[in-house]
Structure formats: C-alpha cells, structure tokens
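In what follows, chains carry the letters A, B, and so on, assigned in the order in which the sequence lines appear, proteins first and then strands, with residues in each chain numbered from 1. What you are looking at is a predicted structure, and each value in this text was computed from that prediction instead of being measured.
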Number of protein chains: 4
Amino acid sequence: MGGTMDGTRKRRRGNTRQRIQDVALELFAEQGYEKTSLREIAECLDVTKAALYYHFKTKEEILVSIFEDLSRPIEELIEWGRQQPHSLETKQEIIRRYSEALTGAAPLFRFMQENQATIRELRIGEMFKTRMLGLRDILMDPDADLVDQVRCVSALFTMHAGMHVLQDVESDPEEKRKAVLEVATDLITQAHRGSGGG
Amino acid sequence: MGGTMDGTRKRRRGNTRQRIQDVALELFAEQGYEKTSLREIAECLDVTKAALYYHFKTKEEILVSIFEDLSRPIEELIEWGRQQPHSLETKQEIIRRYSEALTGAAPLFRFMQENQATIRELRIGEMFKTRMLGLRDILMDPDADLVDQVRCVSALFTMHAGMHVLQDVESDPEEKRKAVLEVATDLITQAHRGSGGG
Amino acid sequence: MGGTMDGTRKRRRGNTRQRIQDVALELFAEQGYEKTSLREIAECLDVTKAALYYHFKTKEEILVSIFEDLSRPIEELIEWGRQQPHSLETKQEIIRRYSEALTGAAPLFRFMQENQATIRELRIGEMFKTRMLGLRDILMDPDADLVDQVRCVSALFTMHAGMHVLQDVESDPEEKRKAVLEVATDLITQAHRGSGGG
Amino acid sequence: MGGTMDGTRKRRRGNTRQRIQDVALELFAEQGYEKTSLREIAECLDVTKAALYYHFKTKEEILVSIFEDLSRPIEELIEWGRQQPHSLETKQEIIRRYSEALTGAAPLFRFMQENQATIRELRIGEMFKTRMLGLRDILMDPDADLVDQVRCVSALFTMHAGMHVLQDVESDPEEKRKAVLEVATDLITQAHRGSGGG
DNA sequence: TATGAATGAGCGTTCATTCAT
DNA sequence: AATGAATGAACGCTCATTCAT
C-alpha cells in the first residue's frame with residue numbers, strides 16, 4: 001500500500017533505523033514525547049508498529065538512541081573542556097562551541113527544553129543532568145558568589161531556550177545564534193570576573 | 001479566609017473544587033500533565049473520578065482554572081505596567097514585582113516551564129504566550145538591537161527557570177530569589193541602556 | 001447490540017462482578033489461563049474489556065478472586081483439621097470432607113490441575129502450595145516412611161485429578177466421587193498404619 | 001557420541017536441530033509452553049528466530065518432535081505390553097518399566113503434567129491420550145469395579161506426578177522413584193485382585 | 001454533591017510466522 | 001544452514017469521559 005513499483009520501497013532497506021530516528025525526533029519535538037505514539041511514527045514511515053520493535057526495544061530506547069547519537073559532539077566538548085585550564089578564554093571557547101553544537105542538534109534540544117517533566121523520569125533525564133553538571137563544573141567556580149552562579153546557569157539556559165523562543169522575531173537564524181551567544185558570553189564573563197578578579 | 005458572612009458565600013462550604021485544584025497542581029508539577037491521570041487525582045482526594053467532573057468539565061479545564069486563579073496577580077501586574085512610562089525604573093519595578101509573583105505561584109510556573117510541549121496545544125498555551133508578549137512589550141523596545149532583545153528574553157527565562165534549577169544549590173530560597181532577581185535586573189538594565197542610551 | 005428492550009440489560013447491574021468470575025472460570029478451565037483473553041471474557045458478557053477493569057485490577061486478580069471465593073471452604077477445612085488430634089479418624093474425616101469441597105468447586109480444581117505451569121508464577125501458586133502443605137501436615141507424619149509419604153501425596157493427587165480424568169467412564173458423578181474417595185481413604189489409612197502401627 | 005562412520009551420518013554435523021529440542025524442552029518444562037517464546041529459545045541458542053523455522057515448521061512441531069523422540073520407549077513398552085497376557089506379573093512388569101521410562105524423560109513428563117490445558121488443544125494432546133488409553137487397556141479390566149478402575153488411574157497419576165511433587169522432600173531421586181513405584185505397584189495389584197480374584 | 005458502572009479509543013508491547021537473500 | 005527485516009494479529013492495560021441515580 002503505497003510505493004509499489006517505483007523503487008521507494010526497495011531503497012529503504014538498510015536505513016530504516018535511521019529513518020525511525022529522524023521521524024521520531026521530528027514528531028517528539030513537534031508534539032512532545034507522550035503525545036507521539038508509535039502508531040504515528042510507524043504510519044509516517046509506512047511500516048507497522050512491530051517493525052519499530054525490530055530496531056528498538058522500547059519507545060524510550062528510540063529516544064535514548066537519538067539522544068546518544070546527536071549529543072555526542074557535546075559530550076566530546078565537555079570532555080575536552082575538562083582538560084583545559086579553567087581560564088576565561090577556555091570558558092568563552094566552550095560557550096562558543098556549545099552554541100554551535102546546539103545548533104547542530106536543534107530539534108533535539110528544543111525537545112529537551114520543552115519536555116522536561118517527561119524527561120525527568122526517563123533515562124535521558126539522568127544522562128542530560130550529568131552532562132549539564134559537567135558543563136557547570138567547567139564554567140563555574142563552586143565557591144563563587146550566588147549571583148555569579150545564577151549568571152552561569154542563566155547563560156546555559158539562554159542558549160538552550162534562546163533559539164526556539166525567538167521564533168517570532170524575524171532576522172536569520174545565524175544572526176540570532178550570534179546574539180544569543182553574545183549574551184551568554186557576557187554572562188559567563190561577568191561571572192568569571194566576579195569570582196576570579198574580585 | 002474562613003468567610004462566614006462576607007460576600008464569598010458561594011465558595012464557602014464544599015471546598016472540594018479548591019482541593020481538586022491543589023492536588024492537581026501538585027501532581028501536575030511533580031509528574032507532568034500527561035502522566036497525571038484523573039484517577040490519581042481522585043484517589044488522592046478520596047473521591048471518585050466522576051466527582052471531578054461535577055466540578056470541572058474536562059481535565060484541561062482543571063488546569064485552566066488553576067492557571068487563571070494563580071496567575072491573576074501577574075495579569076494585574078502587566079495591566080499596571082502597560083500604563084506606566086516605559087522607563088528603566090518601571091522596568092526594574094516590573095521585574096521586581098514579577099519575581100515576587102512567580103514565587104507566589106512557584107509550582108504553577110515550574111509546571112509551565114517543564115511542560116511546554118504539552119501546554120502548547122492546550123488553551124493555556126495561548127494564554128501564557130499572550131501574557132509573555134505583554135510583558136515583553138513593556139520590557140523591550142521593538143526596534144532594539146537583537147542582542148538586547150535576547151537580554152530581555154533571557155531575563156524572563158532566568159526568572160522562570162532560576163528557582164527550580166538551583167535546587168541542588170544550598171542557601172535559602174529567598175536568597176536565591178534575590179540572586180536571580182539581580183541577574184535579571186542586570187540584563188534588563190543593560191538592554192535598556194543599549195537601545196535607549198546608544 | 002443485544003438485549004435492548006427485554007430487561008436483560010437492566011437486570012445485570014450489580015452482579016457484573018460475579019458474572020465476570022463465572023465466565024472467566026468457565027473459560028479458564030476450558031482453554032487455560034493464557035489462552036483465555038480478556039477480550040473473550042468481555043465478549044461473552046457483552047461488555048467491553050474496560051468494564052472488566054472496573055471490577056478487577058488485573059487479569060490475575062480475576063483469577064485470585066475466584067480462587068479465594070471458591071476455595072474458602074477448603075481453607076476452613078484445613079483450619080478445622082489443624083485443631084483435631086492427628087488420629088486416623090480425623091484423617092479419614094478430612095479426606096471425606098475434602099472430597100466434598102473439591103466437588104463443590106470442581107471447575108476451579110480442574111483448572112488448577114491443568115494449569116500448573118502457569119499457576120506456578122502467579123500469586124495463587126503460592127497460595128495453593130501453602131494450602132497443600134497445610135493439608136499434608138495434617139495427613140502425614142513427617143517422619144513417616146518414604147513410601148507412606150508417597151501414599152499421602154498420591155491420595156491428594158487422586159482426588160484432584162480423579163474426577164476429570166474419568167470423564168470418559170460412564171456412571172454418574174456421585175458414584176465416581178465415592179470411588180475416588182474410597183481409594184484415597186485406603187491410601188491414607190495404609191499410610192497411617194505404616195508409620196503409626198508399625 | 002562422536003558417530004564418525006556409523007549409520008548416524010545424517011544426524012552428525014549440524015546438531016542444531018537437537019540443540020533446539022534440548023533448549024526448548026528445558027524452557028517448556030521450566031516456564032510452560034505458552035510462556036516460552038521462540039525468541040527466547042533462539043536467544044538461548046544464539047541463533048535467530050528464523051533459524052528455528054529452518055528446522056521446524058512451527059512452534060508446535062518443535063514440541064511434537066520432542067515428544068515423539070522422547071516417548072518412543074514408552075510407545076515400545078506399550079506395544080510390548082499389548083502382546084503379553086494380561087496377568088498380574090505382566091502388569092507389574094509394565095509398571096516397573098514405565099517408571100524407568102518416565103525417569104528417562106523426566107522433563108518431558110513434568111511438562112506434560114503441568115501443561116495439560118495447553119496440550120489438550122495441541123497434536124500431542126491426542127497422541128498422549130492415545131498412549132494412556134493403550135496403557136490403561138493393558139493394566140485394567142474394562143469390566144472392573146469402578147473403585148479398581150480408579151486405582152489404576154491413580155497408579156498412573158502417581159507415577160506421573162510423583163517425582164516432581166516430592167521435590168521438597170529430601171532423599172535421593174532413585175529412592176523416591178522406588179517409593180513411587182511401590183505405591184503404584186500396590187495399587188495395580190489391588191486392582192487386579194479386586195476384579196480378577198473377586 | 002457526589003457515586004457506580006461503563007465505554008471507546010488508544011497505548012506500548014509481544015508473538016508466531018514469512019520470505020528474500 | 002541461517003539471517004535481516006518485516007508483518008498482522010492480538011494482548012493486557014489505561015485513559016478521559018458519560019450518565020443514570
């Protein structure tokens with residue numbers, strides 16, 4: 001039913017797993033995790049629900065696999081950051097690269113941002129939290145002034161939320177990204193001065 | 001409270017409606033809207049599901065009613081703000097009062113923050129968005145520099161998310177609130193200077 | 001769909017729970033627990049699957065409730081037996097009463113007999129085992145000769161299985177029951193003599 | 001058994017078929033037929049489900065093949081018994097050999113015992129029943145007293161169930177087997193006397 | 001002001017089976 | 001001799017909602 005002779009059926013062998021991830025992320029980001037049913041995903045792909053279970057053990061596993069695949073650059077970034085001196089320059093560089101990494105996986109992070117309640121009780125909740133704490137440890141002096149701690153958190157939040165929230169503002173995405181990055185860098189810089197330079 | 005003879009006659013005896021709202025908000029905030037079933041709410045209150053339908057037409061209506069009741073101070077704040085001159089002092093005052101209002105309805109705003117995907121397709125999604133745009137119009141010059149626009153949005157986000165995110169940080173809530181407020185005020189102030197004084 | 005105006009619909013209010021148990025037991029006994037789906041039970045009763053869940057929390061709970069209701073006489077019998085002297089007369093009386101109790105809940109015990117593998121991992125598995133050990137402790141001297149122990153177990157098994165297995169033998173059920181009882185009594189008596197009388 | 005050059009050439013290399021039967025029986029006996037999925041069997045063997053279908057046409061066929069292979073000694077025993085005079089000595093000899101045969105295929109008979117409801121609607125249900133009737137015809141005079149008929153059936157049941165049921169009793173298996181055999185022989189002997197000797 | 005009883009739709013998941021390779 | 005990929009049917013279960021009482 002659908003695509004019987006035009007090769008669309010044949011050609012999709014071997015990449016079904018990837019296609020499931022793509023469609024799933026799109027729907028998860030658009031409608032949320034809970035409101036997206038496996039039936040819906042399967043229909044979009046013109047396969048049966050059971051086919052999804054050939055490739056993934058559970059619904060949650062689909063999400064986990066997406067998260068692992070797409071957030072790998074971020075994990076590597078954190079790993080890299082951990083080994084640098086905690087200087088202002090490092091922090092600024094981290095923020096800059098983080099902004100790029102986020103842009104590369106925008107739908108995933110939009111999803112994370114908008115489904116926090118759901119995620120909290122899923123495996124990726126813990127994964128994400130761990131990553132964030134890793135980032136925080138790099139960007140922030142644990143003995144810093146409370147206000148400066150807030151600035152750091154605020155910088156991260158600004159980057160996470162910034163893009164999707166400015167959707168109704170015109171001007172192209174790259175410009176927006178740079179604006180968001182500038183604000184975040186400011187916050188990080190101020191926080192660093194506050195605790196470091198006195 | 002205990003209005004025995006005052007004008008609040010209607011809401012006097014039979015506080016079930018209120019209790020439903022209280023429990024619902026607690027559960028919504030804790031587990032998310034979708035994962036909280038009416039059965040669960042009813043069980044917490046030791047009534048039947050059908051009883052909920054005596055007081056509210058739908059599940060969504062419970063949420064709407066909570067939102068309307070708890071976010072009234074914010075609506076009034078915006079109304080007030082609209083009539084003030086768009087000076088820096090006004091903006092700072094708005095932010096200050098907003099911080100207080102948020103604290104007064106913390107679970108609701110934690111819920112809003114963590115259930116954005118869900119809320120988007122609910123009535124309160126539109127309501128909330130309208131409120132936020134109202135706030136933005138007060139805090140922000142529409143012709144402002146993109147970076148300053150981001151600062152404004154960032155200030156709001158910082159306040160919305162700030163409290164729940166700093167949960168693992170020690171120090172008492174009121175101190176945290178003040179720290180968050182300071183960062184937000186900074187951002188608003190910078191944004192104002194940028195577009196106004198530049 | 002079925003019985004719109006003839007009162008069959010109205011009359012069944014209030015006894016649905018019982019009707020579920022009746023139909024479920026019939027089907028469980030006929031086809032086995034696993035092969036009997038809730039859909040099937042519901043269809044027999046002309047209600048929806050969801051209706052079953054109003055009355056019982058899970059499929060297993062339906063079975064447990066049947067077991068508890070129908071095996072109560074047996075529990076009481078064991079309770080009574082525990083307080084008697086462990087004389088031959090008591091044992092024979094127990095066996096006699098047990099035979100009657102089994103007949104009163106024949107479909108349930110046919111089910112238990114034929115679904116042991118299934119039952120083993122269900123709650124009633126443990127319940128049943130406990131009951132049986134209770135019975136055994138009354139009928140059997142723990143220090144008895146191994147052969148006499150087998151006789152006791154054999155007596156119980158004979159009663160459990162006897163009735164259903166003789167289905168293709170003609171002659172009326174009550175006669176069969178008495179024949180089975182006689183064999184069981186013989187076994188118990190021999191066992192008692194063996195260990196007691198030397 | 002390293003049959004390098006003897007007549008068992010066919011079954012030599014590629015013992016997968018055998019391994020499937022072994023694992024399947026183990027799982028069927030442990031968890032029941034319905035609760036054991038082909039996926040599970042395949043995983044145990046570290047092959048795919050499809051591989052099972054290379055060796056057997058259906059799930060049921062796996063079971064049938066196990067039954068046929070393992071119960072062949074019993075079929076032969078019955079065949080032998082049919083040609084003997086129906087004397088007491090023959091009956092006792094049958095019972096004795098049957099006990100040995102059961103021990104040689106204990107897991108299969110434990111399975112048969114515990115999955116009667118399932119088996120009834122499978123091909124081996126009929127097969128098993130036929131065998132049992134064959135045995136009964138040898139052990140039992142069709143005109144015998146009802147009580148003696150019960151004794152015969154009871155003897156068979158005792159042997160089928162005896163071993164697995166005494167699992168919590170200590171003492172070694174061979175001793176148990178002998179005890180069970182003794183009880184069964186007693187029953188058969190009594191039955192023979194009853195109908196034969198008047 | 002509530003309850004008891006039920007429904008219809010849907011969910012995530014599992015199963016035995018098939019078939020081209 | 002076996003795999004990779006998929007299917008169709010069914011399953012147990014939960015949900016928001018309804019309505020007579």
Side-chain angles (χ1 to χ4, degrees), chain A residues 1 9-10 12-17 20 34-42 45-62, chain B residues 13-17 20 34-42 45-62, chain C residues 1 9-10 12-17 20 34-42 45-62, chain D residues 13-17 20 34-42 45-62:
Chain A
M1 298 173 185
R9 196 131 207 173
K10 279 221 164 92
R12 80 168 175 245
R13 196 186 304 103
N15 62 341
T16 306
R17 195 189 142 93
I20 291 170
E34 326 242 18
K35 297 263 281 187
T36 301
S37 69
L38 295 185
R39 179 185 52 71
E40 210 174 349
I41 296 174
L45 292 165
D46 205 34
V47 296
T48 60
K49 269 190 292 174
L52 305 184
Y53 279 90
Y54 177 76
H55 295 280
F56 299 95
K57 268 215 282 278
T58 63
K59 184 185 181 187
E60 185 173 353
E61 252 241 330
I62 298 181
Chain B
R13 65 147 156 37
N15 57 339
T16 306
R17 194 188 142 94
I20 292 171
E34 325 243 21
K35 296 262 280 187
T36 302
S37 67
L38 296 186
R39 177 180 55 68
E40 209 174 351
I41 297 174
L45 292 163
D46 213 39
V47 296
T48 61
K49 271 187 291 175
L52 305 183
Y53 281 90
Y54 177 80
H55 294 282
F56 300 95
K57 265 213 288 279
T58 64
K59 185 185 182 186
E60 186 173 352
E61 253 244 327
I62 299 182
Chain C
M1 304 190 174
R9 196 133 208 168
K10 279 224 165 88
R12 81 169 176 245
R13 195 186 306 102
N15 61 341
T16 305
R17 196 188 142 94
I20 292 172
E34 325 243 20
K35 297 264 281 188
T36 302
S37 70
L38 295 184
R39 179 184 50 73
E40 209 174 350
I41 297 174
L45 294 165
D46 205 34
V47 297
T48 62
K49 269 189 293 174
L52 305 184
Y53 280 92
Y54 177 76
H55 295 281
F56 299 95
K57 269 216 280 280
T58 63
K59 184 186 181 186
E60 186 173 352
E61 253 242 330
I62 299 181
Chain D
R13 64 143 157 41
N15 58 339
T16 306
R17 195 188 142 93
I20 291 171
E34 326 244 17
K35 297 264 279 188
T36 301
S37 68
L38 295 186
R39 178 180 55 67
E40 209 174 351
I41 296 174
L45 291 164
D46 212 39
V47 297
T48 60
K49 269 185 293 173
L52 305 184
Y53 280 90
Y54 177 80
H55 294 282
F56 300 95
K57 266 213 288 276
T58 64
K59 184 185 182 187
E60 186 174 352
E61 253 243 326
I62 300 181

| query | Under a 3.5 Å cut-off for both distances, is E/dT17 Watson-Crick or wobble paired, and to whom? | reply | F/dA6
| Starting at CD of C/Glu40 and ending at C1' of F/dG12, how long is that distance when rounded to a whole Å? | 14 Å
| request: By nearest nucleotide on DNA chain E, pick out whichever of D/Thr36 and C/Leu52 is the more 5' one. | output: C/Leu52
| query | Under 4.5 Å between any side-chain heavy atoms of B/Leu45 and B/Ile20, yes or no? | reply | yes
| request: Return the value, rounded to whole Å, for the distance between atom CD of A/Glu61 and atom C1' of E/dT13. | output: 14 Å
| query | Quick one: is F/dA2 close enough that its OP1 or OP2 comes under 4.0 Å of any side-chain N or O from D/His55? | reply | yes
| request: Specify the residue among A/Ser37 and D/Lys35 whose closest nucleotide of DNA chain E lies further upstream toward the 5′ end. | output: A/Ser37
| Would a distance-only check, ignoring hydrogens and angles, find a side-chain to backbone donor-acceptor pair under 3.5 Å from A/Lys49 to A/Ser37? | no
| query | For F/dA5, does either OP1 or OP2 sit under 4.0 Å from a side-chain N or O belonging to A/Tyr54? | reply | yes
| task | Hunt down the Watson-Crick or G-U wobble partner of E/dA9, both distances under 3.5 Å, from any strand shown, or write none. | result | F/dT14
| query | How do D/Val47 and A/Arg17 order along DNA chain F: which one's closest nucleotide is nearer the 5' end? | reply | D/Val47
| Just to confirm, is there a sub-4.0 Å distance from OP1 or OP2 of E/dA6 to any side-chain nitrogen or oxygen of C/Thr16? | yes
| Taking atom P of E/dA5 as reference, at what distance in whole Å does atom CG of C/Leu45 sit? | 15 Å
| query | Mind checking who F/dA1 pairs with, Watson-Crick or G-U wobble, both distances under 3.5 Å? | reply | none
| query | Does OP1 or OP2 of E/dC11 have a side-chain N or O of A/Arg39 closer than 4.0 Å? | reply | yes
| note | When rounded to whole Å, the CG to P distance for the pair C/Asn15 and E/dA5 reads 10 Å
| task | Take the protein atom CD of A/Glu34 and the nucleotide atom P of F/dA16, then report the distance between them rounded to whole Å. | result | 11 Å
| remark: To the nearest angstrom, the NZ-C1' distance between D/Lys49 and E/dT14 comes to 9 Å
| said: How many whole angstroms separate atom CZ of A/Phe56 from atom P of E/dT14? | reply: 15 Å
| task | Would you indicate, yes or no, if E/dT14 has its OP1 or OP2 atom less than 4.0 angstrom from a side-chain nitrogen or oxygen of A/Tyr53? | result | no
| Is B/Lys35 reaching over with its side chain to a backbone N or O of A/Glu34, donor-acceptor style, under 3.5 angstrom? | no
| query | Are OP1 or OP2 of F/dG4 and a side-chain N or O of D/Thr48 less than 4.0 angstrom apart? | reply | no
| task | Provide the closest heavy-atom pair for A/Leu52 versus A/Leu38 in the form atom of the first, atom of the second, distance. | result | CD1-O, 3.6 Å
| What is the minimum heavy-atom distance between D/Lys57 and D/Glu61, and which atoms define it? | N-OE1, 3.6 Å
| Can you check the A/Lys57 NZ to F/dA5 P distance for me, whole Å? | 16 Å
